[in-house]
Amino acid sequence: MNSILPLVQNETIKMIKKKRFLVIVLILLVLIPIFTYAQMKVAQNNREKFKDWRHTLQQQITDNENSLASDRVPDEWKKYRKIMVQQWQYYLDHDVDPSTPNGVTFVRSFMENSSSLFIPLMVMAVASDIVSSERTSGTIKMLLTRPVRRWRILLSKLLTLTLFVGLIILTTFVLCYLIAGLVFGYGGWDQPIFTGFQINGVEVDNSAVHPVPQWLYLVMQGGLIWFSSMVVAILAFMISVLVRSTAASIVTMMAALIAGSLLTNMASSWPSAKFLFMVNLQLTTYLAGSPPPIEGMNLIFSLMILSIWALAALFVSFRVFTKQDILN
Amino acid sequence: MRDREDSIVLKVDQVKKRIGKKWIIHGVSFDVRAGEIFGFLGPNGSGKTTTIRMLVDLIKPTSGQIEVCGYNVNKDPEQALQHVGCIVENPEVYNYLTGWENLEHFARMQPHVDQTRIQEVVDIVRLDQRIHDKVKTYSLGMRQRLGIAQALLGRPKLLILDEPTNGLDPKGIKELRTFIRELADQGMALFVSSHLLTEIQLMCDRVAIISHGRVLAVGDVEDLIEEGSNYVVWQLEPAHKGRELLHAEKDVEIVNIADINIDEAMLAGIDQDAIITQMNSDRTSDLIRKMVASGVQVHTVQKMNPTLEQLFLRMTEGESIE
């Protein structure tokens, strides 16, 4: 067999017939309306209190500045708030509302918030059993006794996975826009968003800041989310090759991801944690200009770390899959 | 001689396998030729399944060669496996797909298999009624047939079936036997494993007997069974008189039912007062004449096939198969 396409076709058919993707779409259809409703309540609340968004933002800045004086607030949070305050100030100075309630803004914040756990979780739902399910059902014996080399079979699975990671992100995006648009309207594509904040310690360097239209921001954000999702997918893929049971494979990846979000909160006292893949997954923070989880991390650094982890995982996956004896 | 060499489809040469520090297979060799049904007989845990997995590149041998149609299975799986159809243990197929979708799936993995061929194999295994139903609604027999259809897709020269009668009812087993014979008559080589001697006896032309990861014997099934078979069961009336008569013969040894390993299924058909003897079966008619002459009624005389265990005992000269 010279062509990999029929194999990818096989894997895609299996993925669809297993109804995994359908489940993901259903989850999105349930969750997005809930968040939309919550966001709508927040917007209503703000509109009642303040006639003008500038007042809301000003209030936010004052609140945070006040809390900086308090001893009870941990240093970590103070640092974070200090940076956020400087950014809000920048928006205020340039007379741009950072959170106009419209469909596109909702999509932007939803995607940003879901990039650390929610999207990786959905990616894992398709990645974790892509190899282990063949073992559980025994069909791996049929698969590997056909006249196709093992690396081709694994590659076809990897390509299918890549396809579905893209599809998941796109679906989340589209559903989010369609549902939120019903409430907030479908506008907001051209609204300017500032990006390029440089963070040095607690000071925000505004020299490189420039406005981009929100649609461009979304494209950049989508790309970064795709990249980190692919890394999660490849790691889940490796675990799926290594362990026999799908449940074990999902639990392992979940543990790693949750450990990542926990570590992010306390990593300042352990700087070498920045070499773990889990703390590097939230690439969109660099775009938004939020402070990185550990000092000294930047976009290039995170991309490098994630790439190294992904390449190592791919190496292990292919090595093990092509060499191992199928005993069960 | 040249013809015989040419028709070898599967050649297994000094294959050994070590898992961890333990040797599972200590040198297995045999050939399977086109048009024959080759039995692979051994008790559970003897290394049967490990060997079969090595034949189809699921397990790599630690040393030794496996060739299918002249291609090394481990070095050149794309060429070698093209000529092999197999069912390893159970016929595993995708439950959430229909029978047809399963066949299409495996058809995409090998060259020269189109829709017409899929329809052909569906007709061969007579699954056309239910082929568009989801596999999870199939009975075990139907899954088995789907598995065979899958194995036949690529017009294999060698078909490997691992314990094919497992879970089939007597009718299904009989159908399978006829079917396997038809395939062999068309020139296909068949490799069938089993732990039941009777099954191999009814199905196969030649057999390799494996125990503890070693091949004890390879040969024609009839020869092996003929050599091993020297039990004759008598039902006589009056029994005590018959026993005396048999006892008087020098080359006839009366054995106690508890001392020998006879197929449980055969024991069930024997009366309490039956006499089991160990003797050359050529002497039977001569003895019957003597019995009748001395007024002993002969109800039945039955030659008994050896069990797998008896064959083993003979081959290993008393060493038990455990």
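The figures that follow rest on heavy atoms only: side chains count, while hydrogens, waters and symmetry mates do not. Letters A, B, ... mirror the listed sequences (proteins, then strands); counts begin at 1.
Rounded to the nearest 0.5 angstrom, Met142(A) CE and Cys86(B) SG are separated by 7.0 Å. Here the CZ-CG distance, from Phe106(B) to Asn10(A), works out to 8.5 Å after rounding to the nearest 0.5 Å. Rounded to the nearest 0.5 angstrom, Lys17(A) NZ and Tyr94(B) OH are separated by 14.5 Å. If you take OG on Ser156(A) and CE on Met109(B), they are separated by 7.5 Å, rounding to the nearest 0.5 Å. Taken to the nearest 0.5 Å, the NE2 atom of His105(B) stands 8.0 Å off from the OG1 atom of Thr139(A). Interatomic distance, CD1 of Ile16(A) versus OH of Tyr96(B), reported as 11.5 Å (0.5 Å rounding).
Heavy atoms closer than 4.5 Å to chain A are found in both the backbone and the side chain of Asp76(B). Contact annotation for Val84(B): only backbone heavy atoms (N, CA, C, O) come within less than 4.5 Å of a heavy atom of chain A. Only the side chain of Ile19(B) comes within less than 4.5 Å of a heavy atom of chain A; its backbone N, CA, C and O stay farther away. If you measure heavy-atom distances from Leu327(A) to chain B, the contacts under 4.5 Å come from both the backbone and the side chain. Proximity to chain B (any heavy atom under 4.5 Å) is restricted, for Gln324(A), to the backbone atoms N, CA, C and O.
Counting non-hydrogen atoms of neighbouring residues, nucleotides and ligands closer than 6.0 angstrom, the CH2 atom of Trp100(B) exceeds 12 such neighbours. More than 12 heavy atoms of other residues, nucleotides or ligands shown are found within 6.0 angstrom of NE2 on His132(B). Annotation for Lys18(A): atom NZ counts as buried by contact number, over 12 foreign heavy atoms lying within 6.0 Å.
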Practice item. Please assess Gln150(B) against Arg146(A) for the test side-chain contact (heavy atoms from CB on, under 4.5 Å), listing each intermediate value before the final yes or no. Key: CA-CA 10 Å; Gln150(B) 181 278 128; Arg146(A) 296 297 82 220; 3.6 Å; yes
Exercise for review: Apply side-chain contact (heavy atoms from CB on, under 4.5 Å) to Glu104(B) and Ile13(A), showing your working.
Suggested key: CA-CA 11 Å; Glu104(B) 276 186 324; Ile13(A) 289 171; over 6 Å; no
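The shortest side-chain heavy-atom distance between Gln79(B) and Pro147(A) does not fall under the 4.5 Å cut-off.
Here Trp309(A) pairs with Phe277(A) under the ring pair (Phe, Tyr, Trp, His ring centres under 6.0 Å) rule; sequence neighbours left out.
Applying a 4.5 Å heavy-atom cutoff, the residues of residues 48-72 of chain B that approach chain A are Arg53(B), Val56(B), Asp57(B), Leu58(B), Ile59(B), Lys60(B).
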